[in-house]
Asker: 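Take this structure first; my questions come after.
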Amino acid sequence: MLDKKKVVVGMSGGVDSTVAAYQLKKMGYDVIGINMRLWQDEFLEDIHLMHDGGCCSLSSVEDARRVCEQIGIPFYALDFKGVFKETVVDYFIEAYEKGTTPNPCIACNKYVKFDALLEKAHQLGAYYVATGHYAKIYFDEGHSRYVIEKSNAIKKDQTYALYNLTQDQLKHVLMPLGEFESKEAVREIAGQFDVAMSRKSDSQEICFVPDQDYVGFINRNGTKEIKPGAFVDTSGEVLGEHQGIINYTVGQRKGLGITFGKPMYVVDIDVDHNQVVLGDNQEVFSREVYSTLNNFVLFDELREPFECEAKIRYSAKPSKCTIYPLENGWVKTVFDSPERAITPGQAIVFYKDNWLVGGGTIERKPQ
RNA sequence: UGGGGAUUCGCCAAGUGGUAAGGCACCGGACUUUGACUCCGUUAUGCACAGGUUCAAAUCCUGUAUCCCCAG
């Protein structure tokens with residue numbers, strides 16, 4: 001029997017998860033802090049010295065332990081390396097190898113934090129798992145469903161990374177930071193535990209990749225050989241040589257190592273021909289987006305065209321669009337105005353007012 | 001080895017006597033729970049080289065080198 005007063009909190013040792021745990025404790029929950037061991041890499045030794053890590057700092061076990069002690073809750077460091085490697089790291093590498101751009105945080109949320117960790121929570125008898133995400137989750141009578149609503153701290157809103165959560169998961173998830181009006185308010189509370197920690201920076205890269213060098217990471221851990229190939233323009237004309245498709249993502253401008261007297265951007269990546277297509281600023285805009293693996297939160301299934309807003313990357317303002325159901329669970333999104341750099345592999349997330357409608361993985365237009 | 005033109009930061013390029021624009025690339029920083037984008041900043045004591053004229057030259061003169069074009 002699961003205890004509804006019992007909650008497992010994923011503790012990174014950072015500001016957000018610390019305050020989340022503290023708030024729950026204050027609300028009277030029986031809180032258990034768990035630090036997830038996710039990845040080991042000899043290059044990661046000092047990474048916790050550089051970043052707060054927010055959700056997924058890897059080496060802050062000691063911070064997490066100390067904080068739990070101060071809050072007065074039990075603490076465990078548990079091994080999640082297996083799931084993490086399979087569902088996040090391998091996915092990450094494979095995505096790049098097939099010419100797309102992964103979003104590891106979304107995968108981690110889906111498979112690790114709200115699946116593996118939730119399962120662990122249940123094993124410990126806890127009904128809930130909680131995190132320091134900036135988002136609001138609750139049961140909405142109007143929709144007769146669990147819903148995800150944007151955080152009050154709109155600048156820190158993290159609902160984008162949560163679109164994959166199912167009703168089953170949402171039922172068991174608490175996000176106490178959703179009501180906070182700002183990160184500053186959260187930091188203030190964190191200050192009482194550990195001054196140094198409350199000042200930790202927000203900066204964040206891919207948590208398992210040292211030095212922002214994801215290319216080196218894939219070279220060390222990937223299976224495929226990275227081969228140079230041709231840069232071509234949108235008409236197929238060869239412009240130069242690229243260093244391997246994993247180095248590029250749609251919309252990228254810097255690091256092409258080739259000059260044209262005007263800014264040039266990656267417009268597309270053609271894995272089959274090992275080519276990277278370049279174009280000018282105008283050529284990187286488009287109104288249509290196709291997505292698969294869609295999950296809807298506000299309703300069960302998309303059955304007819306639906307007017308809403310959507311964003312195609314984490315840090316973007318939602319733009320007006322209409323979404324259309326296609327066959328095999330695909331969704332076609334048509335924006336009112338062109339969007340910049342629609343990138344296969346990234347997520348498109350739909351919103352209606354402050355509610356998260358759903359989302360999916362961006363794919364290239366089906367032929 | 002006749003004539004003409006060129007040579008400015010890694011690349012493109014402005015500057016025609018008054019004390020080296022700009023773009024791209026690179027590098028650094030900000031922003032960011034992904035990758036990108038964006039923003040800010042740094043970057044040639046020196047204009048192929050050697051002399052000369054001038055208060056003052058990348059800009060004028062002389063010579064040298066390299067490249068391009070036209071003639072043999």
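Here is the naming used below: chain letters follow the sequence lines, and residue numbers restart at 1 for every chain. Values reported hereafter were calculated over all heavy atoms of this structure, with side chains retained and with hydrogens, waters and symmetry mates removed.
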Asker: Among B:rU38, B:rG35, B:rU34, which nucleotide sits nearest the side chain of A:Tyr314?
Answerer: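 Nucleotide nearest to A:Tyr314's side chain: B:rU34.
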
Asker: Please classify the nucleic acid contact of A:Tyr214 as base, sugar-phosphate, or nothing, using heavy-atom distances under 4.0 Å.
Answerer: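 Since only primed, P, OP1 and OP2 atoms lie under 4.0 Å of A:Tyr214, the category is sugar-phosphate.
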
Asker: Of the listed nucleotides (B:rU34, B:rC26, B:rG35), which one gets closest to any side-chain atom of A:Lys254?
Answerer: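 Closest nucleotide to the A:Lys254 side chain: B:rC26.
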
Asker: Tell me which nucleotide among B:rC37, B:rA36, B:rG35 gets nearest to the side chain of A:Thr343.
Answerer: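 When the side chain of A:Thr343 is considered, B:rG35 is the closest of B:rC37, B:rA36, B:rG35.
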
Asker: Cationic tip of A:Lys332 within the cone over A:Tyr290's six-membered ring, i.e. under 6.0 Å and within 45° of the normal?
Answerer: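 Not satisfied by the 6.0 Å and 45° rule.
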
Asker: Using a 4.0 Å heavy-atom cut-off across all strands, classify A:Arg313 as base, sugar-phosphate, or nothing.
Answerer: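 Base contact.
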
Asker: Which one, B:rG35, B:rU38, B:rA36, comes nearest to the side chain of A:Tyr265?
Answerer: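 Nearest to the side-chain atoms of A:Tyr265, counting from C-beta on, is B:rU38.
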
Asker: Mind checking if A:Gly345 touches a base, just sugar-phosphate, or nothing, with heavy atoms under 4.0 Å?
Answerer: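 Touches nothing.
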
Asker: With sequence neighbours left out, which residue pairs that include part of residues 88-129 of chain A fulfil the ring-ring contact (aromatic ring centres under 6.0 Å, His included) condition?
Answerer: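 Output for this query lists A:Phe92-A:Tyr96, A:Phe92-A:Phe208, A:Tyr96-A:Tyr214, A:Phe114-A:His133, A:His122-A:His172, A:Tyr127-A:His172.
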
Asker: Just to be sure I understand the rule, does A:Val250 reach a base, reach only the sugar-phosphate, or reach nothing, if contact means heavy atoms closer than 4.0 Å?
Answerer: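 A:Val250: base contact, heavy atoms under 4.0 Å.
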
Asker: Measure from the side-chain heavy atoms of A:Gln252 and tell me the nearest of B:rC24, B:rG35, B:rA36.
Answerer: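 From the listed options, B:rA36 comes nearest.
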
Asker: Do the two ring centres, one from A:Tyr146 and one from A:Tyr138, sit under 6.0 Å apart?
Answerer: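 No - the distance between ring centres of A:Tyr146 and A:Tyr138 does not fall below the 6.0 Å cut-off.
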
